[in-house]
Asks: 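Pasting a structure here, questions to come.
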There are 2 protein chains.
Amino acid sequence: MTTATRDSTGLSTTEFAVLGLLSFGPRSGYELKKAAEAGVGYVWTAAKSHVYGVLPRLVEGGFATTRRVTQERRPDKQVYRITRKGRRAFQEWLEAPIEERGARSPFLLKVFFGGLMRNEVLAAHIEQKRAEVVRELEEYREIEGRIRDDPQSYFGYVTLRWGLTQARAWIRWADEILRELGERP
Amino acid sequence: MTTATRDSTGLSTTEFAVLGLLSFGPRSGYELKKAAEAGVGYVWTAAKSHVYGVLPRLVEGGFATTRRVTQERRPDKQVYRITRKGRRAFQEWLEAPIEERGARSPFLLKVFFGGLMRNEVLAAHIEQKRAEVVRELEEYREIEGRIRDDPQSYFGYVTLRWGLTQARAWIRWADEILRELGERP
DNA sequence: GGCGGATTAGTCCTGAGCGGACTATATTGG
DNA sequence: CCAATATAGTCCGCTCAGGACTAATCCGCC
């Protein structure tokens with residue numbers, strides 16, 4: 001079993017995410033960041049500094065090429081294009097078995113230590129979380145309306161439906177626990 | 001808005017997780033790691049090297065004290081005890097508003113790029129994931145049987161029920177998508 | 001009785017990844 | 001007209017992950 005973050009090709013998950021976006025066409029670091037925010041960012045996030053750090057490494061490894069594009073009304077930009085080697089590596093990664101990483105939720109961490117805080121504080125945290133999830137759910141439903149019948153977005157829609165299912169599960173859980181906390185002394 | 005990882009007291013979430021465990025009694029690095037695996041680790045993980053790195057910093061900041069315990073039949077150990085300042089900081093953190101971090105699921109990342117792989121490969125990934133979640137679900141149900149009527153474990157049980165709800169939602173999602181992929185050309 | 005593997009306890013190193021500060025110019029909104 | 005936002009990117013310091021390594025003792029099994 002290799003690392004959770006590094007593959008046999010020696011690339012990290014973030015590098016593959018970037019390659020995946022580049023497979024739709026050449027992009028600059030800035031454009032990649034924007035594109036991520038609008039789509040894949042819902043399931044894989046990376047800091048701006050991180051994607052800028054990753055790009056030169058992809059070029060070094062022969063997974064992408066780059067050229068400077070001079071612009072007149074905007075700052076110049078460095079545009080990256082995926083290579084055949086890059087596509088091959090991405091393809092292999094897609095088919096490789098998946099290793100998920102451990103859960104890390106500050107929210108659930110606080111719930112776990114719920115016995116060390118007043119009941120009302122915990123309830124407030126859960127209500128807050130519930131409200132956030134409700135907002136998320138609305139956002140997802142809005143996106144759903146826009147992409148549900150667009151065959152181009154089918155796989156985005158599949159991940160979106162994961163979000164919808166999870167959000168509804170969150171709300172059910174929150175309601176159940178809030179009711180229970182309300183009945184407690 | 002301060003950092004997502006660092007609080008106003010200057011501590012990271014992992015440091016608070018450690019403080020939380022220390023609030024149940026003095027522990028060595030090794031014991032903390034073990035304790036985490038059996039409980040809080042389901043919602044917050046940290047590498048061994050990380051908890052060993054965090055402990056001296058807690059002492060430096062006055063959140064914990066430490067003393068060497070010499071043992072005869074085992075290697076000596078360094079035991080850490082939470083201080084009043086540590087408890088206060090932990091308490092404050094518990095009550096502070098929560099910032100969740102961005103989602104990072106290699107699995108969903110692959111699903112997002114599902115259009116770039118053969119249908120059967122994607123289906124295999126989802127089946128694999130489903131099987132893992134079913135195993136998790138069984139594990140959770142087993143734990144549930146052990147702690148459901150123990151009032152000491154109430155808040156652990158609350159987080160466990162989150163796991164149960166999410167696992168069931170995962171399975172529903174997987175079944176729905178697998179059916180759909182099966183009907184596709 | 002002895003061997004191998006797990007357990008106890010910890011150190012150290014490399015690299016991934018995060019968030020924020022900073023620079024600079026150009027466009028847009030009030 | 002001025003402030004805010006958008007475009008495009010660099011850099012720093014920190015958190016965090018994983019694996020390699022040491023070293024002794026305990027346990028199971030043949």
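Throughout, protein chains are lettered first and strands after them, A, B, ... in sequence-line order, and every chain is numbered starting at 1. Computed from a prediction, not measured in an experiment: that's the story for all the values here.
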Asks: Is NZ or CZ of Arg161(A) both nearer than 6.0 Å to the six-membered ring centre of Tyr157(A) and within 45° of the ring axis?
Replies: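 Satisfied, under 6.0 Å and within 45°.
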Asks: In whole Å, I'd like the distance from the CD atom of Glu72(B) to the C1' atom of dT8(C).
Replies: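 Value for this atom pair: 15 Å.
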Asks: Please tabulate the protein-to-nucleotide N/O contacts below 3.5 Å involving nucleotides 26-28 of chain D, giving atom names and distances.
Replies:
unit_1: dC26(D); atom_1: OP1; unit_2: Arg73(B); atom_2: NH1; d: 2.9

Asks: Given dC16(D), is OP1 or OP2 found less than 4.0 Å from the side-chain N or O atoms of Thr14(B)?
Replies: yes
Asks: Rounded to the nearest angstrom, tell me the gap between atom NE2 in His50(A) and atom P in dC18(C).
Replies: 6 Å
Asks: Among residues 33-45 of chain B, which contact DNA chain D at a heavy-atom distance under 4.0 Å?
Replies: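 Heavy-atom contacts with DNA chain D come from Thr45(B).
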Asks: Which of the following nucleotides, dG17(C), dG9(D), dT11(C), is nearest to the side chain of Arg104(B)?
Replies: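 So the nucleotide nearest the side chain must be dG17(C).
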Asks: Taking CD from Glu99(B) and P from dG20(C), how many angstroms apart are they, rounded to a whole number?
Replies: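 Atom-to-atom, Glu99(B) to dG20(C), this comes out as 8 Å.
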Asks: Could you label the plane-to-plane angle of the Trp162(A) and Trp170(B) rings as parallel, tilted or perpendicular, counting under 30° as parallel and over 60° as perpendicular?
Replies: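 Ring orientation, 0 to 90° scale: tilted.
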Asks: May I ask you to check if Arg184(A) and Tyr154(B) form a cation-pi contact, with NZ or CZ under 6.0 angstrom from the six-membered ring centre and within 45° of the axis?
Replies: yes
Asks: Is there a donor-acceptor pair under 3.5 Å between the side chain of Ser153(A) and the backbone N or O of Ile147(A)?
Replies: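 Between the backbone of Ile147(A) and the side chain of Ser153(A) there is no qualifying donor-acceptor contact (under 3.5 Å).
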Asks: Between Lys110(B) and Trp93(A), is NZ or CZ placed under 6.0 angstrom from the six-membered ring centre and within 45° of the ring axis?
Replies: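 Yes, Lys110(B) and Trp93(A) form such a contact.
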Asks: OH of Tyr52(A) versus P of dC12(D): gap in Å, rounded?
Replies: 17 Å
